[in-house]
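Here you go, one structure.
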Amino acid sequence: MSDDYQKSRRNGFDPLHPERDAFGRLTGPRGRHQASASAIPQARTRGSSSIDLTGEQADEARELHHLAEETATDAQTYLNALTEVAAGSSPDTAIPVLLLAVSQILLGGARLGAITDVVPSERFEPDAGPDPDIDPLRTGLANLLDGLDEYADIVDPLTSGELIRGILSDDLADVAADLAHGLRHYRDGRVDEALWWWQFSYLSTWGVRATSALRVLQSMLGHLRLDVDTDTVADAEFEALNLD
């Protein structure tokens, strides 16, 4: 991390306390989680040539506020879905739910990536609070995906074809950590800071991890639906054709 700029500690939700939201408040089936300090990417310089939420015309500011509102809703939906799946209450629907949640948040990320760089009003990111603990969430997902959690990943499809081991539960949890950190800023009224963080972390970390997770989840669902024993399929077809 550069000397000019240091990111503050992340905030998220705790699946062990689903009655609390991303900020620890008693509001409903939400919680908090964390990413480790080593997972926080280097911040890029906050320049002056990109979109400044506080310096543009009112119509542009309204558009960015609307984008922030949509992203906050998408982020909370993703966190809620992950918390529910990690709790293990509906294992039979876990893969489809995760696939839908990741697909939806990647759509939100694509919107962030399509706009010009957002520049927050403050040079340094305000302290968002203590690091949350995402180990319970990560563990819950790993237990649920036992036997399916590891996969073959590529470092970078453009610069390196090196294969590495990916872990789906880590990908899902790391995405949640970045989203929850931005939510903290948004709900504390720092809309431009939230947008900057969501956009930056989408391009540098969570967009990559969510894309890898989406590919794995889609592959899982395809195998579950298509890799059916031929005898089972034949029996089902016979029964369907011979219904009275």
Side-chain angles (χ1 to χ4, degrees), residues 1-2 4-13 22-23 33-79 82 101-129 132 134 156-158 171-214:
M1 190 168 292
S2 65
D4 294 335
Y5 182 89
Q6 294 192 8
K7 298 303 297 178
S8 68
R9 294 167 294 182
R10 305 179 176 195
N11 288 270
F13 62 99
F23 310 107
H33 95 265
Q34 139 191 350
S36 63
S38 62
I40 300 178
Q42 287 192 344
R44 58 186 175 185
T45 302
R46 300 187 181 205
S48 58
S49 60
S50 303
I51 294 177
D52 183 345
L53 187 65
T54 63
E56 295 294 329
Q57 297 178 350
D59 56 343
E60 183 176 296
R62 282 193 296 269
E63 290 178 2
L64 289 177
H65 274 270
H66 180 65
L67 176 60
E69 182 180 3
E70 289 184 333
T71 306
T73 299
D74 292 341
Q76 189 60 64
T77 299
Y78 177 85
L79 300 182
L82 233 64
V102 174
S103 299
Q104 288 178 329
I105 200 58
L106 277 173
L107 175 59
R111 290 195 298 264
L112 293 168
I115 66 172
T116 307
D117 290 355
V118 175
V119 177
S121 55
E122 299 183 37
R123 177 172 175 77
F124 298 97
E125 181 185 24
D127 187 356
I134 64 168
D156 189 313
L158 294 179
D171 293 340
L172 297 170
D174 288 345
V175 171
D178 283 338
L179 295 174
H181 182 71
L183 268 178
R184 180 64 178 267
H185 285 307
Y186 179 80
R187 289 176 177 168
D188 282 350
R190 297 184 291 270
V191 176
D192 57 343
E193 191 68 49
L195 267 180
W196 181 88
W197 172 257
W198 280 324
Q199 184 188 57
F200 164 68
S201 57
Y202 166 74
L203 294 173
S204 61
T205 55
W206 75 259
V208 177
R209 299 275 46 90
T211 301
S212 295
L214 180 67

(request) Start with the C-alpha distance between H185 and E125, add both sets of side-chain angles, then the distance that settles side chain to side chain contact (heavy atoms under 4.5 Å, CB included), and finish with yes or no. (result) CA-CA 10 Å; H185 285 307; E125 181 185 24; 2.5 Å; yes
(request) Please examine the side chains of L179 and D74, heavy atoms only from C-beta on, and report whether any two atoms are closer than 4.5 Å. (result)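 No. Closest side-chain heavy atoms not under 4.5 Å.
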(request) Quick one: closest heavy-atom pair of A194 and G182, and the distance? (result) CB-O, 3.3 Å
(request) Please report the closest heavy-atom contact between A68 and W198, naming both atoms and the distance. (result)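 So the two residues come closest at O-CZ3, 3.8 Å.
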(request) Only counting residues at least two apart or in another chain, list the ones meeting side-chain contact (heavy atoms from CB on, under 4.5 Å) with T211. (result) L106
(request) Decide yes or no on side chain to side chain contact (heavy atoms under 4.5 Å, CB included) for D174 and T205, but give the supporting numbers first. (result) CA-CA 8 Å; D174 288 345; T205 55; over 6 Å; no
(message) Rounded to the nearest 0.5 Å, what separates atom CG in L64 from atom CD1 in I115?
(response) 5.5 Å
(message) Would you say the rings of H181 and W197 are close, in the sense that their centroids are separated by under 6.0 Å?
(response)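 W197 vs H181: aromatic centres under 6.0 Å.
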(request) Would you mind reporting whether L67 and L112 have side-chain heavy atoms less than 4.5 Å apart? (result) yes
(message) Test of understanding: with side-chain contact (heavy atoms from CB on, under 4.5 Å), list the residues that count as partners of Q104, not counting sequence neighbours.
(response)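 Per chain and number, Q104 pairs via side-chain contact (heavy atoms from CB on, under 4.5 Å) with T77, L100.
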(message) Testing the basics here: between A210 and V175, what is the closest heavy-atom pair and its distance to 0.1 Å?
(response) N-CG2, 3.8 Å
(message) Taking side-chain hydrogen bond (donor to acceptor under 3.5 Å, both in side chains) as the definition, give me every residue that meets it alongside E70, ordered by chain and number, with sequence neighbours left out.
(response)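 Counting only residues at least two positions away or on another chain, E70 forms a side-chain hydrogen bond (donor to acceptor under 3.5 Å, both in side chains) with H66.
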(request) Evaluate the side chain to side chain contact (heavy atoms under 4.5 Å, CB included) criterion for residues I105 and W206: first the C-alpha distance (whole Å), next the side-chain angles of each, then the deciding distance (0.1 Å), finally the verdict. (result) CA-CA 10 Å; I105 200 58; W206 75 259; 3.9 Å; yes
(request) Write down the atom of A180, the atom of L79, and the distance for their closest heavy-atom approach. (result) CB-CD1, 4.0 Å
(message) Using a 3.5 Å distance criterion without hydrogens, assess whether the side chain of Q199 forms a donor-acceptor pair with backbone atoms of V118.
(response)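 Present.
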(request) Could you tell me whether the side chain of Y78 reaches within less than 4.5 Å of the side chain of V102, counting heavy atoms only? (result) yes
